[in-house]
Amino acid sequence: METRKKSGHTDANVILKWAEGQKIETVFERASRIKPCPIGKAGACCKSCHIGPCRLIGKGDENDIIGVCGASLPTVVARNFARTIASGTAAHSDHARDMALTLLAVAKGETKDFQITDIKKLYRVASILDIDFEGRPVNEVALDVANKFIEDFQRQTGEMNYIKRAPKKTQERWKKWGITPRNVDREIAETLHRTTMGVDHEPDNILLHGLRTALADGWGGCMISTDITDILFGTPTPIKTEASFGIFKEDEVNLVVHGHEPTLSEKIVDVVSEPEIIEYAKSKGAKGINLGGMCCTANEVLMRHGIPTAGGFTNQELGLLTGLVDAIIVDVQCIMPVLVDISKQFHTKIITTSEKGKMKGAIHIQYDEHKAKDVARQIVKLACDNFQNRTKKGSHVTAKYPMIGGFSHEYIEYMQGGKWRASFRPLNDAIIAGRIRGVVGLAGCDSPRVQSTGMHKYIATELIKNDVLVLSTGCGSASCGTAGYLTPEMALENAGPGLREVCEAIGIPPILHLGACVDNSRILTILSAMVDEGGLSDEIGGMPGVGIAPEWMSEKAIAIGCYFVASGVPVIFGGESPVKASPEVTKILTEIWIERFRGAFHFEEDPQKIVDIALNYIDNAREGLKLKKYEPGKFATERKLLDMAARREIEKGAGRAHVGL
Ligand code: NFS
């Protein structure tokens with residue numbers, strides 16, 4: 001992998017070169033100027049009380065390296081890791097809470113600006129939650145669904161609603177180790193309590209509760225967000241759009257939605273096509289209004305409306321450096337405060353919209369779901385007004401790539417059999433036959449500490465070459481999109497023979513864009529459906545599936561990684577390990593967790609090693625399931641129905657018979 005360039009995204013490098021000439025500093029220069037503290041980075045800095053902070057360094061037995069209170073190095077490292085999980089979970093779950101409150105407002109008729117768009121999905125969710133829906137008014141069902149989800153933030157005992165969506169055997173493992181989550185807020189609060197000064201000092205015990213918190217994120221916060229967003233705004237189906245900085249138009253008002261929560265951005269999508277608003281833009285000298293996205297808000301509006309994306313985390317400053325952005329509106333999470341400073345060098349207006357996320361120097365226009373469209377109109381008009389202030393300054397990069405996004409788990413099921421026979425059978429069969437070697441969830445942020453987006457590109461290419469189907473989310477999917485990797489044509493060029501055959505037969509890209517980071521929950525749903533379909537593992541653990549976040553930087557990524565591990569998926573993150581200081585904690589995350597949950601958490605800096613570890617896990621899982629050994633280009637070309645020998649095997653109870661072996 002070529003690592004000299006700051007970004008793996010060609011257009012990003014063009015902009016960065018332009019910025020260098022203008023002496024404008026970006027995240028890339030700051031990352032090389034500000035070196036991470038090696039003690040904090042390895043997890044060995046304790047800030048739990050004001051006797052410290054204590055830096056736990058030294059030689060010898062790690063349990064003899066202690067802080068002023070006596071907390072040992074492994075305790076401190078475990079506490080820091082658990083706190084990271086809690087913060088990440090809090091972010092997703094607060095987002096989920098806002099979605100549940102919006103659904104509640106809609107159900108009660110308190111807002112005229114939102115409706116139930118996908119009634120079928122509402123009924124599907126209602127039936128999972130054991131809520132009657134037949135013959136009842138839609139809003140009544142929605143009210144029950146909203147209240148049921150709100151219980152996931154209140155229930156003191158028992159278990160969260162969606163735990164039952166996991167395979168039985170996976171749930172049993174959680175019960176055995178006492179990590180079935182009760183409610184997201186309780187698990188987060190308990191993590192903070194346990195890890196404050198003087199409470200839980202046993203690394204294994206701390207980390208078990210960390211996993212419980214992470215499960216509340218995956219099977220709670222993320223899954224609730226995904227489902228309510230589908231109910232309110234529609235379940236995504238594949239949609240063609242574009243990616244990179246060329247999505248900005250010279251002669252139109254360019255407005256960017258950036259952050260995570262989809263509610264306001266949905267209304268902005270509605271408003272920009274209102275004739276009066278378009279007229280307003282024209283009265284300011286623009287030919288129209290062009291909407292683009294950044295980070296996960298981009299993914300949300302991309303997969304439901306085909307709004308193009310300018311990319312992920314490290315592209316946010318660069319978008320402004322094009323000089324073409326008239327306004328960027330932000331809600332919560334992954335927003336760099338430096339945007340305000342950069343905007344001052346251009347005409348761009350930065351608009352904050354959440355009371356939870358303000359920035360000095362930005363314009364604040366408070367979002368309110370009860371008058372969402374009015375707020376959206378006010379913002380769009382402000383962007384139109386600012387069009388006239390645009391100057392020639394900026395890199396004015398115009399390259400863009402076609403991409404297809406919007407593969408919801410419902411659509412993935414549908415595409416494998418149509419309306420009446422939708423199932424995961426063909427995917428399971430393709431894995432069993434060795435056409436598809438396994439599945440990787442390629443997720444997480446892009447980071448300036450490595451060649452940004454380059455790790456994603458390299459790993460995605462290597463995986464599909466090796467017949468691994470890639471499911472991508474978050475900024476990982478933006479990285480693939482801005483590289484031109486999210487089109488079916490790409491399958492022909494880069495995919496291995498088996499994967500290529502499957503992609504050509506169904507007409508899909510080898511890398512499927514599943515959505516935002518909360519949509520990692522769709523991967524949990526897919527894995528559970530593959531278990532139900534049969535022929536592979538009878539729990540999520542043991543499936544030929546791996547999670548990879550090669551450029552992670554956010555606390556949310558750690559929470560996601562942990563809910564995959566606790567659900568049974570081995571996970572490999574890039575960069576230096578945040579638990580590196582403690583061999584004992586590293587052992588818990590790898591050897592102990594894999595024994596208990598069939599998932600392990602690895603950190604690896606070398607992209608080729610990440611690929612090797614992933615393929616190794618996949619091949620070992622195939623072997624464990626007694627599947628055909630993966631050999632490129634060699635797979636069963638016809639489905640073999642059960643013959644007498646296979647039937648006898650079943651009768652003897654000697655194992656599963658695999659169709660297509
Ligand atoms: Ni995920 Fe989305 Fe991107 Fe990372 Fe941030 S936008 S929730 S945390 S940086 S992938």
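Any value given below was found using the heavy atoms of this structure, including those in side chains, with hydrogens, waters and symmetry copies removed. Every number for a ligand or one of its atoms is a count from 1 in the order of the listing.
- Residue-ligand proximity, Cys296 to ligand 1, at heavy-atom distances under 4.0 Å covers atoms 2 (Fe), 6 (S), 7 (S).
- Annotation: His258 is not in aromatic contact with Phe313 [ring centroid separation under 6.0 Å not met].
- Ligand-side atoms of ligand 1 in range of Cys475: 3 (Fe), 6 (S), 9 (S), 10 (S), range being under 4.0 angstrom from any heavy atom.
- Metal site remark for atom 2 (Fe) of ligand 1: His260 contributes an N, O or S atom at a distance under 2.8 Å.
- The closest side-chain donor-acceptor pair between Asp519 and Thr226 falls under 3.5 angstrom.
- Partner of Trp18 under the side chain to side chain contact (heavy atoms under 4.5 Å, CB included) criterion, chosen from Val397, Thr322, Asn13, Ile24: Ile24.
- Gln333 and Lys556 share a donor-acceptor pair across their side chains, judged by distance under 3.5 Å alone.
- Shown are Ile613, Val611, Ile610; of these, the side chain to side chain contact (heavy atoms under 4.5 Å, CB included) with Ile548 is made only by Ile610.
- Judged by the shortest distance from any of its heavy atoms, Gly444 lies inside the 4.0 Å radius around the atoms of ligand 1.
- Taking every heavy atom of Cys295 and a limit of under 4.0 angstrom, the matching atoms of ligand 1 come to 6 (S).
- Closest to atom 4 (Fe) of ligand 1 among all protein heavy atoms lies Cys445 SG, 2.5 Å.
- The contact set between ligand 1 and Ser554, taken as ligand atoms under 4.0 Å from a residue heavy atom, comprises 8 (S).
- Within the 4.0 Å heavy-atom criterion, the part of Met553 lying near ligand 1 is the side chain and not the backbone.
- The six-membered or imidazole ring of His92 lies away from that of Tyr563, with a centre-to-centre distance of 6.0 Å or more.
- Scanning the protein heavy atoms around atom 1 (Ni) of ligand 1, the nearest turns out to be Cys517 SG, 2.3 Å.
- Ring centroid separation for the pair Phe149 and Tyr162 comes in under the 6.0 Å cut-off.
- The atoms of ligand 1 that sit less than 4.0 Å from any heavy atom of Cys334 are 5 (Fe), 6 (S), 8 (S), 9 (S).
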